[in-house]
Amino acid sequence: MKTYNVESFNLDHTKVQAPFVRLAGVKEGTADTIYKYDIRFIQPNEGLMPMRAVHSLEHLIAENSRNHSEDIVDISPMGCQTGFYWTMLNDGNYERMLDLVEATLRDAMNAEELPAQNPVQCGNANHHDFEGAKKLAADMLAKRDEWHIVFKDEA
Ligand SMILES: [Zn+2]
């Protein structure tokens, strides 16, 4: 297979076992280090998260994660709709990352309203599925004890 610039293009997506949380990249600056995680909700090439639910989950994760950590740089959905990239500043502690994802998804699952669902604060305010997002969070949380297993042959 051709090798690419992008780390995840060089990951064999047929060998992973979702859901999982995987450190996908580390970038060292002069004083800071950026850690990029692959938060995979759905088994690649076997399913996807519906786009409206992804959008609502993005809002929920973006807002609630920042109640638990000051070190979040960015959290963005993958175009393949099977997960999110989650980037952290100076925090490469994997167990703490698992706890942060768990706390954030618990907030999402239990949310009573969807943050910023209006045309002033969102670029596609009608394109949401709040209940669908809560279900995605709940399904991911149900497998919390499997998140550290990334590859099928580790299972
Ligand atoms: Zn939005």
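Atoms within each ligand, like the ligands themselves, are counted from 1 in listed order.
Taking a cut-off of 2.8 Å, the protein N, O or S atoms nearer than that to the Zn ion (ligand 1) are His55 NE2, His59 NE2, Cys122 SG.
Between Arg106 and Glu102 there is a salt bridge, with a side-chain nitrogen of the basic residue lying less than 4.0 Å from a carboxylate oxygen of the acidic one. With salt bridges taken as basic N to acidic carboxylate O contacts below 4.0 Å, none links Asp107 and Lys134.
Other members of the cluster containing Val16 are Leu11, Phe20, Val150, Phe151, with ILVMFWY side chains joined at under 4.5 Å, either directly or via other members.
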With a cut-off of 3.5 Å and sequence neighbours excluded, list every side-chain donor-acceptor pair involving residues 23-31.
none

(message) Apply ring pair (Phe, Tyr, Trp, His ring centres under 6.0 Å) to residues Phe84 and Phe41 and explain how you reach the verdict.
(response) CA-CA 8 Å; Phe84 286 81; Phe41 283 65; 5.7 Å; yes

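Among residues two or more places apart in sequence or in another chain, the side-chain contact (heavy atoms from CB on, under 4.5 Å) test is passed with Leu114 by Ser56, His59, Leu60, Gln117, His128, Phe130.
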